[in-house]
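First up is the structure itself, then whatever we jot down about it.
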Amino acid sequence: MAGAGVVGVAGATPAQAAAGDPVLQGATNVVDAATTLRNTGARATLRLQNVRTYDSGPGGEVWAEPALQLMPSGTTLSNLAEAGSIGMDVEGNIWIVTSSGNGSNDRHVVHTTANSNRIVPLVPQRVLDTRYASSRGLVRETGYLDSSGRLLAGRSISLRLTDHLYCADAVFGTLTVVQPTLGGFAQVYPFGTTRPTDFSSINFAPNQIISNAFVCGVGRDHETGSYASDVISIYTNRTTHVILDITAAVVGAGRVNPRSAMPVRANRIDVGGKAAWE
């Protein structure tokens, strides 16, 4: 690859070299001019490949060494950077530059699992139904349910979602109460947090069957001896059966079990046609 510049031998102090000199591998190459690689064909202009891989352990993953590193520098890109420029700040965030169309350029942070999250739709599924013993995947059950499985008034139960989620940030779903003894309210809230007292996920009347949608942050369980990464809690001030269904999750660095997620296409835009409003 030509056109950068050469700096002495490895370990020597970097020195300025003339543009047009070849790149010296294994050494620091310094040049005070842009290097352009131009390709008139249909294939990639530049290919970087690192073929080294190794097994990470009993999980079966194969780790690959990186083929490219952007060196962190500064807290953002320069406001003089050209459209199409890419760089990395000292915190490891990737920045890109786009043209605003009015003669100036805009700088943007690239969204990654480190600095943002996304909503992942799930196949709607029931994860709790206290009417049936086989549908109570609870962290704590003893002393929190009556003989028929109803959640006792003034108690909270905690539900693991680890069959579906791993280190999620939040979950979307529906909470249903079935024939409560008295009118009252129920709450869905993140496990491991102090239960807020001034909100409700659903309000109900005696003997009613009623549902309401919710969005709830996901907590971590460090207290029961077996760590669980994705746990939510349910509280009711009246004894009642509760049902909980989940429909989507919010994840950043975490993951969704592929068997629980809705299948999606990598390219969601059909380039063969246009929407009517276009």
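The figures here come from the full heavy-atom set of this structure, side chains too, leaving out hydrogens, waters and symmetry mates.
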**Prompt:** What heavy-atom pair brings Thr45 and Leu37 nearest, and what distance separates the two atoms?
**Reply:** CG2-O, 3.5 Å
**Request:** List the atom of Val97, the atom of Ala81, and the distance in Å for their closest heavy-atom pair.
**Result:** CG1-O, 3.6 Å
**Item:** Glu65 CD: over 12 foreign heavy atoms closer than 6.0 Å
**Value:** yes
**Message:** Please say yes or no: joined through hydrophobic side-chain contacts below 4.5 Å, possibly via intermediate residues, are Val127 and Tyr144 part of one cluster?
**Reply:** yes
**Message:** Quick one: does any side-chain atom of Asn115 pair with a main-chain N or O of Ile94 as donor and acceptor, under 3.5 Å?
**Reply:** no
**Prompt:** Hey, is the main chain of Leu77 close enough, under 3.5 Å, to the side chain of Arg107 for a donor-acceptor pair?
**Reply:** yes
**Item:** For the student: nearest non-hydrogen atoms of Val90 and Pro72, plus distance
**Value:** CA-CB, 3.9 Å
**Request:** Mind checking the CD-CG spacing from Gln69 to Asn50? Nearest 0.5 Å is all I need.
**Result:** 12.0 Å
**Prompt:** Below 4.5 Å, heavy atoms only, C-beta onward: do Leu175 and Asn212 meet side chain to side chain?
**Reply:** no
**Prompt:** Nearest heavy-atom pair of Ala261 and Val123: which atoms, and what distance?
**Reply:** O-CG2, 3.9 Å
**Request:** Kindly give the heavy-atom pair with the smallest separation between Trp95 and Asp89, and that separation in Å.
**Result:** NE1-OD2, 2.8 Å
**Item:** From OG (Ser233) to CD1 (Ile157), nearest 0.5 Å
**Value:** 9.0 Å
**Asked** Just how far is it from atom OG of Ser99 to atom CG of Asp106, taken to the nearest 0.5 Å?
**Response** 8.0 Å
**Message:** Could you measure the distance from the OG1 atom of Thr174 to the CG atom of Asp245? Nearest 0.5 Å is fine.
**Reply:** 6.0 Å
**Message:** Between Ile232 and Leu244, is there a side-chain heavy-atom distance shorter than 4.5 Å?
**Reply:** yes
**Enclosure of Arg195 CZ (heavy-atom neighbours >12, cutoff 6.0 Å)** = yes
**Rounded distance [0.5 Å steps], CD1 in Ile246 versus CD in Gln125** = 4.5 Å
**Request:** Indicate the atoms forming the closest heavy-atom contact of Ala186 with Phe204, along with that distance.
**Result:** N-CE2, 3.8 Å
**Asked** Does Asp230 use its side chain to pair, donor to acceptor, with the backbone of Val218 at less than 3.5 Å?
**Response** no
**Item:** Euclidean distance, Leu151 CG relative to Ser156 OG, rounded to 0.5 Å
**Value:** 7.5 Å
**Asked** So among Thr130, Leu128, Asp129, which one has a side chain to side chain contact (heavy atoms under 4.5 Å, CB included) with Ile243?
**Response** Asp129
**Message:** Students often mix this up, so state it plainly: with edges at 30° and 60°, are the rings of Phe185 and Tyr235 parallel, tilted or perpendicular?
**Reply:** tilted
